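Notes follow the structure.
From a predicted model like this one, the values you see are computed outputs, not experimental measurements. Only heavy atoms go into these numbers, but all of them, side chains included; no hydrogens, no water, no symmetry mates.
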Amino acid sequence: MNERIVVVDDDSIILRNADSILSDKYKVVCLKSGKIFLDYIKKNPVDLLLLDIRMPEMDGFETLKALRDVEKETGLETTPCIFLTANDDGESETTGLSLGARDFIRKPFSAEVLKLRIDNLLELIRLQKDLHHEVEIKTAELESLSVHVVQTLAETIDAKDSYTNGHSTRVAMYSKEIAKRYGYSHERQEEIYMLGLLHDVGKIGIPDSIINKPGRLSDEEYALIKEHPAKGAKILSTVTEMPKLVTGARWHHERYDGKGYPDGLKGDDIPEEARIIAVADAYDAMTSNRSYREIIPRERVISEIERGMGTQFDQRFAEIMLKMIEEDKDYTMRQHLPE
């Protein structure tokens, strides 16, 4: 089934270009004002909204606010929205993201950028729906959740960050190994593997432009990045058959000394699985290429984990991670890039 994309813009040229670029793959509806769109959505399903910010009568922000009110009143599903903007304006991005926009696309846009952004977002939405559907139709047992679906979702989330592809799978593997060495049963090892795969699911809601920004993030951008644990927990809280899925997503950035986020939990108040994932996540962050640095040398990784014991990390799980690093003499336990 082809998704229906509605483009709302008062510029006829933008509407024609969007229709020309997208209509070969999607059902495209072009509308010239927010008011016309609000009448349209009451009678028609919409899979994605491309919404101009600067329009007469009702601008994009007003339109999105009104849409959310309509959805709340009528019980409609939340419509994913990408803003179209000619401005390079951090304040506008902050406002749009606070209203629930998924991303921003600069005008005039290139055909390839528009198609890639939309293809990626709709693929993420499909996978999220697949995950929810998979759980709805099966039992609450761990085996009921298709590892293939979760793996695919994790890979798609990781693909938002061109520098850390495979991150979720590696974190899941390291977490499972730490849990195994700590004495978890086979069932709990499989469970923490699943938690590790989905720990970054909240990045679905973070714009690619922020995740892939080279160099230092602004305070506003960093604040948005820090929202991903809460966003992930919100997504996974709907999977009521597996309530523990929330654990890894929400609390993997808590610190043992209580200085982490989003809840500032301390010590054993942090769920044990999240304390394990925190060590695995930090290790993979250091042993993966980033936009601002290459993989950190093995000896420095060791010293960083040692330095974080009892402050950033639960010492028990940090010591297990250090043992794993010690055994990995050739430093193969890290991100591997194509030759």
Side-chain angles (χ1 to χ4, degrees), residues 47 68 71-81 97-103 121-158 160 167-169 171-172 175 179 187-188 190-207 211 223-255 260-266 268-278 280-281:
D47 295 295
R68 297 302 182 229
E71 290 167 340
K72 188 174 181 180
E73 291 167 7
T74 60
L76 289 171
E77 288 188 18
T78 300
T79 306
C81 173
L97 293 168
S98 70
L99 293 172
R102 292 295 191 96
D103 211 343
L121 177 56
L122 288 174
E123 177 65 11
L124 285 167
I125 292 168
R126 287 186 211 110
L127 287 165
Q128 185 183 346
K129 288 179 178 178
D130 285 348
L131 174 64
H132 288 219
H133 179 67
E134 186 78 14
V135 176
E136 284 175 0
I137 63 175
K138 299 200 176 179
T139 70
E141 295 175 355
L142 184 65
E143 289 76 17
S144 70
L145 189 62
S146 166
V147 174
H148 174 72
V149 170
V150 176
Q151 183 78 51
T152 304
L153 176 59
E155 289 170 359
T156 307
I157 296 163
D158 287 350
K160 286 171 69 69
H167 169 70
S168 295
T169 300
V171 169
S175 299
E187 290 74 17
R188 290 192 72 194
E190 294 301 317
E191 183 179 65
I192 201 167
Y193 183 83
M194 199 79 79
L195 302 186
L197 281 177
L198 293 175
H199 78 284
D200 267 345
V201 70
K203 287 186 176 177
I204 285 176
I206 307 299
I211 291 175
L224 287 169
I225 285 283
K226 288 175 68 176
E227 291 179 4
H228 81 269
K231 288 178 182 288
K234 185 175 181 181
I235 291 168
L236 297 176
S237 66
T238 62
V239 187
T240 54
E241 293 85 352
M242 288 189 67
K244 270 207 167 183
L245 284 179
V246 172
T247 303
R250 185 171 186 91
W251 292 301
H252 67 281
H253 281 297
E254 300 290 351
R255 288 172 53 104
Y261 61 90
D263 299 314
L265 299 183
K266 184 176 181 179
D268 291 349
D269 289 339
I270 306 167
E272 191 169 88
E273 293 88 350
R275 281 178 267 149
I276 291 174
I277 292 170
D281 186 43

Query raised in the report: Taking C-beta and beyond as the side chain, do Glu272 and Thr247 meet within less than 4.5 Å on heavy atoms?
Result: no

Query raised in the report: Can you tell if the side chain of Thr169 reaches within under 4.5 Å of the side chain of Tyr193, non-hydrogen atoms only?
Result: yes

Requested in this report: With the side chain counted from C-beta on, respond yes when Pro207 and Leu224 share a heavy-atom pair under 4.5 Å apart, and no when they do not.
Outcome: no

Query raised in the report: Do His252 and Leu195 have side-chain heavy atoms sitting under 4.5 Å apart?
Result: no

Query raised in the report: Do the non-hydrogen side-chain atoms of Glu71 and Thr79 ever get within less than 4.5 Å of each other?
Result: yes

Query raised in the report: Is Leu121 close to Asp103 at the side-chain level, that is, under 4.5 Å between some pair of heavy atoms?
Result: no

Report task. Output the distance between atom NE2 (His199) and atom CG (Leu245), rounded to the nearest 0.5 Å. Result -> 13.5 Å

Query raised in the report: What residues, two or more places apart in sequence or in another chain, satisfy side chain to side chain donor-acceptor pair (under 3.5 Å) together with Asp263?
Result: Arg250, Trp251

Query - Exercise: identify the closest heavy-atom pair between Pro80 and Asp47 - result: CD-O, 3.3 Å

Report task. Could you list the residues that satisfy side chain to side chain donor-acceptor pair (under 3.5 Å) with Glu123, not counting sequence neighbours? Result -> Arg126

**Report entry** Test log, rule side-chain contact (heavy atoms from CB on, under 4.5 Å), inputs His228 and Ile204
**Finding:** CA-CA 8 Å; His228 81 269; Ile204 285 176; over 6 Å; no

Report task. With side-chain contact (heavy atoms from CB on, under 4.5 Å) as the test, would you mind laying out the steps for Lys226 and His253 before giving the verdict? Result -> CA-CA 9 Å; Lys226 288 175 68 176; His253 281 297; over 6 Å; no

Report task. Look up atom CD1 in Ile276 and atom OG in Ser175, then write down how far apart they are to the nearest 0.5 Å. Result -> 7.0 Å

Query raised in the report: Just how far is it from atom CD of Glu190 to atom CE of Met194, taken to the nearest 0.5 Å?
Result: 8.0 Å

**Report entry** Audit row: Ile270, Arg255, side-chain contact (heavy atoms from CB on, under 4.5 Å) steps and yes/no
**Finding:** CA-CA 8 Å; Ile270 306 167; Arg255 288 172 53 104; 5.9 Å; no

Report summary line: Nearest heavy-atom contact between Pro262 and Pro229 is CD-CB, 4.0 Å

Query raised in the report: Of the non-hydrogen atoms in Asp200 and Ser168, which two are nearest, and what is the gap between them?
Result: CB-OG, 4.4 Å

Query raised in the report: So how far is it from Leu236 CG to Lys244 NZ, rounded to the nearest 0.5 Å?
Result: 14.5 Å

Query raised in the report: Any side-chain heavy-atom pair from His167 and Asp281 closer than 4.5 angstrom?
Result: yes

**Report entry** Worked check of side-chain contact (heavy atoms from CB on, under 4.5 Å) between Ile125 and Arg102
**Finding:** CA-CA 11 Å; Ile125 292 168; Arg102 292 295 191 96; 4.0 Å; yes

Query raised in the report: How close do Glu254 and Leu265 get, heavy atom to heavy atom, and via which atoms?
Result: OE1-N, 2.9 Å

Query - Heavy-atom pair with the smallest gap, counting every atom of Ala280 and Val171 - result: CB-O, 3.8 Å

Query raised in the report: Can you find a heavy atom in the side chain of Glu273 that is under 4.5 Å from one in the side chain of Arg188?
Result: yes

